[in-house]
Number of protein chains: 2
Amino acid sequence: MSGMEPRRADSIAQELEELIFSGGFADGDRLDEVRLAEQFGVSRTPLREAFQRLAQTGLVEQIPRRGVFVRQPGAVELLEMFEVMAELEAACGRYAARRISDSALDDLREANARCKAAVERADLDAYYLENERFHKIIYAQSGNGFLETEANRLHKRLKPFRRQQLRLRGRMRQSMSEHETVVQMLTEGDAEGAARALRDHVAVQGEKFHHLVAGLKTAAS
Amino acid sequence: MSGMEPRRADSIAQELEELIFSGGFADGDRLDEVRLAEQFGVSRTPLREAFQRLAQTGLVEQIPRRGVFVRQPGAVELLEMFEVMAELEAACGRYAARRISDSALDDLREANARCKAAVERADLDAYYLENERFHKIIYAQSGNGFLETEANRLHKRLKPFRRQQLRLRGRMRQSMSEHETVVQMLTEGDAEGAARALRDHVAVQGEKFHHLVAGLKTAAS
DNA sequence: GTCAATCATCTTGTATACAAAAAGAAACGC
DNA sequence: GCGTTTCTTTTTGTATACAAGATGATTGAC
């Protein structure tokens, strides 16, 4: 995909991102420049560059003259992000309903079929992969490159949380039927219908997750 | 507002931002690290930090081992950005219709009245300022902090372009009447109506601007 | 004369060195 | 004993030095 050798700072940013996503750090943890530098075997310079990349996506907060601290979103902020994701997806759907190509519609149906197969096998990983394909096709078919980029950005940030939410009982099956509604609306060229279907589809994910997290908190207290 | 001394890199990023916004650089121009460093009287290190800030907001593009290049959006990309802005504002409006407080509604009416006064005086600067207040109130009243942040981010980026578009004949007056529709919808708690009014209000700005730029290009060729 | 290869130069990326600010510890006064 | 103040230590921010890739010129082959 890219024959270009990435700069060291880039790969470090990616690795740190993975670490934070996978729960390697708690909310508020300070990222020690010197410790991480020797851990990665580089100097502080590329690390500081990596920190800025992370700050840009909101994964860490840089406080001047204090340091950088990981920022794991709480239940409320997560719900807010899912709400925005729902709006972006709705917008993609509205545009895509008017602009989507026949071949893209076929791709959508194909991804959906593979999703269905994954549900039958209860294969969470496969489902997750095809689900992502499904959504990215819609982003692209919005015909708005900026919208597509923004949607992908937020989609990526919500990735680790969406996954947990899928584990809820019956969620995969429900999600599938929502996908089918989306495809139908896009096929009919119903812009508002597609927008509504996508908004609800994504918003429900956020709400489920919100309940999940809120529930955990209550249980822990 | 902030008693905190900003780091040097921050202020440099801001200055560069201003420079790019105000047309100090053309699309594709390369930002020379050493030249700018001595121009600002600092070393390359804080400049490189500043570059990353700018890359994050999309003002410049960093190409590994090549350098950073300013990226002035063209007519198409600008239209795309306005379309996304329209969707974000519509979302703010939809939420705000259910959540807005009475005092915020008063603030909105007040800002609108000052807008009107500015139109009468044909005072572009005053109009622009109050218009911004108007929109930011709606972002805040969405009750979704993440949405508010994202809306403000894009709003800021579109700032220099929105301004030019206001110069079109009759645009300020039209914009005013659109504002009044928005206030009415929010007062009535009509979520979909507020969303539609705001989407149209912002989308038309993008379209006007698109025509404006496209027209310039055609005339120049 | 054109094209290719090599070499010189310039630019970016990284490492190290230094300065200044914040955090923490110890001494002092009450 | 508690709070305050000073001093030490740690940590961030910036400058400089060095390494490696990219650009452009020069040379040579055909």
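Lettering follows sequence order; numbering is per chain, from 1.
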For A:L186, the option from A:L198, A:L105, A:I137 that meets side chain to side chain contact (heavy atoms under 4.5 Å, CB included): A:L105
Residue-level proximity of residues 24-39 of chain B to DNA chain C when a heavy atom falls under 4.0 Å: B:R30, B:E33
Presence of B:S43 side-chain N/O under 4.0 Å of D:dA15 phosphate oxygens OP1/OP2: yes
Any A:R65 side-chain N or O less than 4.0 Å from OP1/OP2 of D:dT11: no
Spacing between [X] atom [atom1] and [N] atom [atom2], to the nearest angstrom:
X	N	atom1	atom2	value
A:R48	C:dA15	CZ	P	14 Å
B:Q52	C:dT12	CD	P	14 Å
B:F51	C:dT11	CZ	C1'	12 Å
B:L47	D:dG13	CG	P	16 Å
A:E49	D:dT14	CD	C1'	14 Å
B:R8	C:dA20	CZ	C1'	12 Å
A:Q62	D:dG13	CD	C1'	11 Å
A:F69	D:dT11	CZ	C1'	11 Å

Intermediate values then yes/no, side chain to side chain contact (heavy atoms under 4.5 Å, CB included), A:N152 and A:K136: CA-CA 7 Å; A:N152 272 311; A:K136 293 206 173 202; 3.3 Å; yes
Residue mapping more 5' on DNA chain D - nearest nucleotide basis, B:T45 or A:V68: A:V68
Sugar-phosphate only, base, or nothing, as touched by B:R66 at under 4.0 Å among non-hydrogen atoms: sugar-phosphate
Test item: B:L59 and B:E17 side chains (from C-beta on) under 4.5 Å apart, heavy atoms: yes
Interatomic spacing from CG in A:L154 to CD in B:E150 - rounded to 0.5 Å: 7.0 Å
Given D:dT14, C:dG13, D:dG13, the nucleotide with the shortest approach to the side chain of A:R44: D:dG13
Selection from C:dA15, D:dA15, C:dG13 that lies nearest to any side-chain heavy atom of B:P46: D:dA15
Side chain to side chain donor-acceptor pair (under 3.5 Å) contacts in which one or both residues fall within residues 68-82 of chain A, not counting sequence neighbours: A:R71-A:E77
Flag for B:E89-B:Y139: side-chain donor and acceptor within less than 3.5 Å: yes
CZ (B:R163) with more than 12 external heavy atoms under 6.0 Å: yes
